Amino acid sequence: MRSMASEEYASLQQSLTETLESTFPALLVPPSKTAHFSALMEFKSGAGGQESSLFLGELLRMYERYATTKGWQAQLVAKNDLEDSGIKDATLEVKGPAAYDHLRWESGVHRVQRVPATESKGRVHTSAVAVVVLPLMEENDSKTEELYNMSDIKLEVMRARGAGGQHVNKTESAVRLTHIPTGITVSMQDERSQHQNRRRAFQVLSSRLMDLKLQREMEERRDTRRNLVSGADRSDKIRTYNFAQERVTDHRIGLTLMNLTSVLEGDGLEVIVDAIKKHQDETAMEEMLDVD
């Protein structure tokens with residue numbers, strides 16, 4: 001009888017500990033105001049030249065595969081290829097429940113360390129790709145948020161250009177929007193018609209303006225509590241992918257995984273995304289409890 005009571009006590013104690021460590025803290029975190037947003041991901045090759053542009057393509061595939069594992073829809077809406085190989089920049093649309101809340105912390109500089117195929121002496125090169133994750137604004141969202149006035153938008157149309165600057169068609173189907181108050185510029189030429197490019201450009205502009213609004217609100221909350229959230233600066237190096245060691249390290253929370261291949265396939269990425277989300281939820285809870 002005493003033995004059964006001891007086992008039950010140990011089981012209850014473990015259950016209570018799990019509740020205190022996971023369930024209870026989750027109840028303290030306020031519901032997300034951005035849970036209904038899908039995500040718009042922008043990629044731009046940085047330091048490292050061609051190797052950076054090649055890694056950009058691998059990151060694109062990684063997030064496309066991750067979206068598939070989550071049951072989301074991923075669509076490449078814009079891409080600028082380089083003449084030799086690689087991608088200069090790209091925009092990926094990820095539609096699905098809470099896609100933005102899961103992916104928003106992927107914003108930042110992603111660094112890759114590996115030996116390029118063209119490296120004859122076997123030296124490891126370091127390259128980087130900048131990623132920005134925006135809340136995807138659907139047309140009906142834009143109408144309700146009042147993110148801009150049409151009088152503040154400069155609209156330009158031009159002929160679409162291909163790699164190297166050559167014209168790829170004879171009609172003025174490309175569109176460039178400039179939001180005068182903020183200086184934000186959006187160019188779109190991947191769709192077939194000017195109307196489609198215009199619609200897509202306004203969608204991207206709305207997403208960037210919503211992101212700006214959310215960033216300002218976050219900064220105001222941080223200033224009020226005098227508590228900076230770790231890893232919020234998008235210019236920071238957030239993650240390193242080391243091919244020689246099969247290692248992925250997220251520098252914001254000190255998480256290291258020795259399964260680079262699995263991460264790039266999309267499956268292993270969920271471990272990192274979940275850990276970052278948990279860290280941010282805990283940070284939000286600490287901010288709520290900070291009464292100083």
Side-chain angles (χ1 to χ4, degrees), residues 39-68 72 74-94 99-100 102-119 123-136 163 185-188 190 204 207-208 211 215 231-253 255-257 259-273 275-276:
L40 192 70
M41 306 186 71
E42 298 184 332
F43 302 80
K44 183 172 292 186
S45 58
Q50 184 184 25
E51 189 62 23
S52 171
S53 64
L54 292 172
F55 184 58
L56 192 155
E58 293 176 68
L59 286 180
L60 265 179
R61 289 190 293 274
M62 178 182 75
Y63 287 112
E64 287 173 336
R65 290 164 179 163
Y66 175 65
T68 300
W72 300 332
Q75 179 183 0
L76 189 62
V77 298
K79 184 177 71 164
N80 287 323
D81 292 312
L82 295 176
E83 284 187 332
D84 43 7
S85 61
I87 304 170
K88 180 181 179 182
D89 53 65
T91 303
L92 182 69
E93 182 181 273
V94 182
Y100 173 68
H102 279 82
L103 293 169
R104 64 185 300 180
W105 308 115
E106 293 299 290
S107 290
V109 176
H110 295 242
R111 187 177 69 169
V112 58
Q113 295 176 325
R114 62 182 173 188
V115 179
T118 55
E119 172 57 58
R123 291 175 297 189
V124 174
H125 288 218
T126 298
S127 308
V129 173
V131 177
V132 175
V133 183
L134 310 171
L136 178 63
T185 300
V186 177
S187 298
M188 195 62 61
D190 290 70
V204 174
S207 295
R208 290 185 183 176
D211 177 66
Q215 290 296 319
D233 188 351
R234 289 176 176 173
S235 64
D236 285 349
K237 172 189 66 181
I238 66 166
R239 193 172 301 149
T240 295
Y241 306 76
N242 187 297
F243 277 68
Q245 300 174 6
E246 186 70 10
R247 172 177 60 84
V248 181
T249 298
D250 194 287
H251 303 287
R252 294 164 294 181
I253 59 175
L255 175 66
T256 295
L257 301 176
N259 62 343
L260 173 63
T261 302
S262 178
V263 171
L264 291 178
E265 288 296 322
D267 298 327
L269 179 61
E270 185 159 17
V271 176
I272 301 175
V273 171
I276 293 292

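Small disclaimer: the values here were computed from a predicted structure and weren't measured.
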Stepwise side chain to side chain contact (heavy atoms under 4.5 Å, CB included) check, Asp190 with Val77: CA-CA 7 Å; Asp190 290 70; Val77 298; over 6 Å; no
Ignoring hydrogens, what is the shortest heavy-atom contact between [X] and [Y]? Give both atom names and the distance.
{"X": "Ala90", "Y": "Leu60", "value": "CB-CD1, 3.8 Å"}
{"X": "Gly108", "Y": "Ile238", "value": "CA-CG2, 4.0 Å"}
{"X": "Gly268", "Y": "Leu257", "value": "O-CD1, 4.4 Å"}
{"X": "Leu92", "Y": "Ala74", "value": "CD1-CB, 4.3 Å"}
{"X": "Phe55", "Y": "His110", "value": "CE2-O, 4.2 Å"}
{"X": "Asp89", "Y": "Ile87", "value": "O-CG2, 3.3 Å"}

Would a distance-only check, ignoring hydrogens and angles, find a side-chain to backbone donor-acceptor pair under 3.5 Å from [X] to [Y]?
{"X": "Glu246", "Y": "Leu260", "value": "yes"}
{"X": "Asn259", "Y": "Ser262", "value": "no"}
{"X": "Arg208", "Y": "Thr185", "value": "yes"}
{"X": "Ser52", "Y": "Gly46", "value": "yes"}

Point-to-point distance, once rounded to the nearest 0.5 Å, from [atom1] of [X] to [atom2] of [Y]:
{"X": "Lys79", "Y": "Thr91", "atom1": "NZ", "atom2": "OG1", "answer": "12.0 Å"}
{"X": "Arg104", "Y": "Met41", "atom1": "CZ", "atom2": "CE", "answer": "13.0 Å"}
{"X": "Phe243", "Y": "Thr261", "atom1": "CZ", "atom2": "OG1", "answer": "8.0 Å"}
{"X": "Arg252", "Y": "Ile276", "atom1": "CZ", "atom2": "CD1", "answer": "4.0 Å"}
{"X": "Thr68", "Y": "Glu265", "atom1": "OG1", "atom2": "CD", "answer": "11.5 Å"}
{"X": "Lys88", "Y": "Lys44", "atom1": "NZ", "atom2": "NZ", "answer": "8.0 Å"}

Flag for Tyr63-Glu106: side-chain donor and acceptor within less than 3.5 Å: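 Distance-only check passes for Glu106 and Tyr63.
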Among Met62, Arg65, Arg61, side-chain contact (heavy atoms from CB on, under 4.5 Å) partner for Leu264: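 Among the candidates, only Met62 passes.
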side-chain contact (heavy atoms from CB on, under 4.5 Å), paired with Leu56, selected from Val112, Val129, Val131: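 Looking at Val112, Val129, Val131, the match for Leu56 under the side-chain contact (heavy atoms from CB on, under 4.5 Å) is Val129.
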[X] side chain near [Y] side chain, heavy-atom distance below 4.5 Å:
{"X": "Leu54", "Y": "Ser85", "answer": "yes"}
{"X": "Leu82", "Y": "Gln50", "answer": "no"}
{"X": "Thr249", "Y": "Asn242", "answer": "no"}
{"X": "Arg114", "Y": "Glu51", "answer": "yes"}
{"X": "Val133", "Y": "Tyr100", "answer": "yes"}

Val273 vs Trp105, side chain to side chain contact (heavy atoms under 4.5 Å, CB included): CA-CA, chis, key distance, verdict: CA-CA 8 Å; Val273 171; Trp105 308 115; over 6 Å; no
Which residues share a ring pair (Phe, Tyr, Trp, His ring centres under 6.0 Å) with His102, sequence neighbours left out: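 Ring pair (Phe, Tyr, Trp, His ring centres under 6.0 Å) list for His102, sorted by chain: Trp72.
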Step-by-step side chain to side chain contact (heavy atoms under 4.5 Å, CB included) determination, Gln113 to Gln245: CA-CA 10 Å; Gln113 295 176 325; Gln245 300 174 6; over 6 Å; no
Full working for salt bridge (Lys or Arg N to Asp or Glu O under 4.0 Å) between Asp250 and Arg239: CA-CA 4 Å; Asp250 194 287; Arg239 193 172 301 149; 3.0 Å; yes
